Structure formats: structure tokens, C-alpha cells
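Worksheet: one structure, shown below.
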Amino acid sequence: MDVVLFLLFASVAVGCAINLVLQTHPISSALSLIGVMGSLAVLYLLLGGEFIAAVQLIVYAGAIMVLFVFVIMLLNAGAEKRPTRKVLRTAVALPLLFTLAGVGAWLAATQTPKTDAVKFGAYTAGPAEVGRAIFTSYLLPFEVTSILILIAILGAIVLARKEI
Amino acid sequence: MLAPITTGHYLVLSAALLLIGAVGILMRRNVVVIMMSIELILNAVNINLVAFDKYLHKLNGQIFAIFVITVAVAEAAVGLGILIALFRNKETVLVDEIDLLKW
């Protein structure tokens with residue numbers, strides 16, 4: 001069951017990611033990215049990250065993607081024309097890409113520990129544990145994050161004004 | 001019976017997403033899609049963090065992943081603000097037409 005769920009949602013994530021790169025229209029890319037975010041939330045659930053799965057869905061698939069779609073509509077960006085393909089560049093780049101992917105997969109397959117990591121339903125960290133850790137051991141980073149968000153809000157407002 | 005899923009599987013998935021995101025940054029010309037590829041890369045990092053969090057049985061990875069998500073939100077907000085300002089001045093979202101600093 002865990003294996004099937006992992007394989008299903010991992011392939012959905014990778015397929016949506018490839019679709020994101022290959023589509024020409026930005027809206028199609030945005031929808032593919034939502035697919036990636038949703039399947040990653042399921043994978044976090046498989047790993048026992050209950051809270052992070054919810055955050056992934058609410059913040060990424062909700063807030064950030066709404067922002068992206070809104071900006072795409074605001075800019076009225078149409079389908080993008082593909083640049084003409086250079087044969088030599090493709091011939092050099094594709095083998096390099098596959099070599100890199102192969103080496104990465106080989107390293108991950110041989111060098112990583114063979115522990116049984118995934119067990120659906122065996123939650124290690126619910127929201128209560130995460131919240132306690134954030135407000136005790138990680139209080140300072142948490143407060144610094146709030147300052148970061150404040151700066152980001154101010155920056156976005158300043159940048160989106162009319163006279164820049 | 002299929003082999004059980006280990007941390008290594010998650011690392012392979014994360015590497016694949018990172019690679020696809022990097023290819024997207026290099027291939028696409030639309031700034032919005034390039035920013036989406038950056039989000040993809042940040043998500044790949046988050047998979048690693050949560051997978052190692054599970055492996056080490058500590059909470060640190062998940063907390064750090066939450067901070068990464070926060071930084072991604074801030075980056076998206078400011079980046080899209082910059083993008084709107086840019087579009088207002090240059091009337092384009094294609095990176096090869098934005099060449100003010102190129103000589």
C-alpha cells in the first residue's frame with residue numbers, strides 16, 4: 001500500500017514537473033505546478049509530516065499558486081514561442097543531463113541507508129509537537145521570520161506602486 | 001512484493017525534481033515560469049529535509065522545511081512585485097528581451 005502510494009504520487013509529481021517545463025502557456029505550467037504541490041503533500045503524509053503536508057497544501061497550492069495565476073492573468077502573458085533548437089547544443093546537453101541524472105540515482109541507490117522509512121499512518125510529528133518545538137527551541141528563528149515577512153510585504157507594496 | 005520505500009527513494013525523487021527545475025530555469029524564456037521552476041527546486045529541498053527528518057527521528061527537518069516555505073512565500077511575493085514593475089516599464093516578460101544590463 002505504502003509502496004503503491006509512493007510510486008503513484010512520485011510519478012505524478014515528476015510527470016507534472018516535466019509538463020511544467022514543456023508547456024508553452026504559463027497557465028498550463030501553473031496548473032502542473034499545483035499537481036506537483038498536491039502530490040508532494042501526499043508524500044509528506046507518507047513520511048509522517050502531518051503538519052508540513054497541510055502547510056504545503058494551504059500555503060503552496062493555495063496562496064502562492066493563486067498569486068502566480070493572478071500575476072499571469074494581470075500580465076496577459078500568452079503562449080511563448082520556442083526558440084529555434086540548436087542541434088549541437090541539444091546533442092551535447094542531453095547526454096550530460098542523463099549522465100547527471102544517472103549518477104545521482106546511482107549515488108542515492110547505493111550510498112543511502114536501507115531503512116524502511118515509509119509507513120502510512122505512523123505519524124511522528126503532529127501539529128502539537130511541531131508547534132511546541134517552534135515556540136520553544138526555535139523561537140528566535142520564528143520571530144526573525146516574522147520580520148522577514150514584514151519586510152517582504154513592505155517590499156511588495158513599494159515595488160507594485162505606480163511611480164517605479 | 002515490491003521493495004519497501006526507503007529514504008533513498010525520496011532522495012531520488014528530490015534529485016529528479018531539482019534537475020527538472022534547473023532545466024526549466026535554463027530552457028524557458030518567460031519569467032513567471034522561471035519563478036515556478038525556482039519553486040520546484042525549493043520543493044525538492046523540502047523533500048530532502050522531511051525525508052532526513054524521518055530518518056533521524058528528529059523534528060528539526062520539518063521545522064526547517066517550514067522556514068523554507070516561509071522564505072519561498074516572501075520570495076514569490078517580492079519577485080512577482082518586481083515582475084509587475086518590470087512589465088510596466090518594459091512591456092515584456094521574456095528574459096531575452098530584458099537586456100538593460102547586457103553590453
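Not measured: the values here are computed from a predicted model. Proteins come first, then strands; the chains are lettered A, B, ... in the order of their sequence lines, and each starts at number 1.
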Whatever's closer than 4.5 Å to a heavy atom in chain A on B:I66 counts as both

Cut-off 4.5 Å, heavy atoms of chain A, and the answer for B:I82 is both

With no hydrogens and no angle check, is any side-chain donor or acceptor of A:R161 less than 3.5 Å from a backbone partner on A:A156?
no

Residue from B:V71, B:I25, B:L11, B:L80 scoring the most non-hydrogen pairs under 4.5 Å with chain A is B:L80

Pair count under 4.5 Å, heavy atoms only, with chain A: among B:V78, B:I69, B:N43, B:V93, highest is B:N43

In terms of heavy-atom pairs under 4.5 Å with chain A, the winner among B:D96, B:I84, B:L86, B:N30 is B:N30

Turns out that what part of A:A30 lies under 4.5 Å from chain B's heavy atoms comes down to both

Cut-off 4.5 Å, heavy atoms of chain B, and the answer for A:L33 is side chain

Whatever's closer than 4.5 Å to a heavy atom in chain B on A:V14 counts as both

Greatest number of non-hydrogen atom pairs under 4.5 angstrom with chain A, of B:T70, B:L83, B:I47, falls to B:I47

In terms of heavy-atom pairs under 4.5 Å with chain B, the winner among A:L20, A:L22, A:L40, A:V59 is A:L40

Please step through side-chain contact (heavy atoms from CB on, under 4.5 Å) for the pair A:L148 and A:V144, ending with a clear verdict. CA-CA 6 Å; A:L148 173 78; A:V144 172; 5.7 Å; no

If one checks every heavy atom of B:L17 against chain A at 4.5 Å, the contacting part turns out to be side chain

Cut-off 4.5 Å, heavy atoms of chain A, and the answer for B:V50 is both

Cut-off 4.5 Å, heavy atoms of chain A, and the answer for B:A72 is both

If one checks every heavy atom of A:I64 against chain B at 4.5 Å, the contacting part turns out to be side chain

Closest heavy-atom pair, A:S11 versus A:L8, reported as atoms and distance to 0.1 Å, is OG-O, 2.9 Å

Margin query: Counting only heavy atoms from other residues, nucleotides and ligands, does the tally under 6.0 Å from CG of B:L100 exceed 12?
Written below: no

Taking A:L43's backbone N and O only, do any of them form a donor-acceptor pair with B:Y10's side chain (distance below 3.5 Å, no angle check)?
yes

- Side chains of A:I134 and A:V130: does their closest heavy-atom pair fall under 4.5 Å? yes

Applying a strict 4.5 Å limit to non-hydrogen atoms, the region of B:E39 in contact with chain A is both

Practice prompt. For side-chain contact (heavy atoms from CB on, under 4.5 Å), just list the numbers for B:L49 and B:D53, CA-CA rounded to whole Å, side-chain angles, deciding distance to a tenth of an Å, and then say yes or no.
Written response: CA-CA 6 Å; B:L49 287 173; B:D53 165 287; over 6 Å; no

Counting C-beta onward and ignoring hydrogens, is there a side-chain heavy-atom pair between A:S32 and B:M36 closer than 4.5 Å?
no

The interface call for B:L19 against chain A, heavy-atom contacts under 4.5 Å, is side chain

Are any non-hydrogen side-chain atoms of A:L47 and B:Y55 less than 4.5 angstrom apart? no

Note: vs chain B, highest number of non-hydrogen pairs under 4.5 angstrom among A:I18, A:L107, A:I149 is A:I18

Applying a strict 4.5 Å limit to non-hydrogen atoms, the region of A:F68 in contact with chain B is both

Cut-off 4.5 Å, heavy atoms of chain B, and the answer for A:L67 is both

Are A:Q56 and B:N46 linked by a side-chain donor-acceptor pair shorter than 3.5 Å?
no

Okay, A:I72 and chain B: the region with an atom under 4.5 Å from a heavy atom over there is side chain

Applying a strict 4.5 Å limit to non-hydrogen atoms, the region of A:L97 in contact with chain B is both

Highest number of heavy-atom pairs under 4.5 Å with chain A among B:L13, B:V33, B:I63 belongs to B:I63

Taking every heavy atom of B:V95 against every heavy atom of B:R28, the minimum-distance pair comes out as CG2-O, 4.2 Å

When the 4.5 angstrom heavy-atom criterion is applied to B:N60 and chain A, the contacting part is both

When the 4.5 angstrom heavy-atom criterion is applied to B:A51 and chain A, the contacting part is both

Cut-off 4.5 Å, heavy atoms of chain B, and the answer for A:A17 is both

Cut-off 4.5 Å, heavy atoms of chain B, and the answer for A:T24 is backbone

> So, do A:Q23 and A:L31 sit near enough that their side-chain heavy atoms are less than 4.5 Å apart?
Replying inline: no

Verdict with supporting geometry, A:F142 and B:F67, ring-ring contact (aromatic ring centres under 6.0 Å, His included): CA-CA 8 Å; A:F142 183 66; B:F67 286 133; 7.1 Å; no

In the structure I gave you, are the side-chain heavy atoms of A:L57 and A:M37 within less than 4.5 Å of one another anywhere? no

Smallest heavy-atom separation, A:A41 atom then A:A53 atom, equals O-CB, 3.4 Å

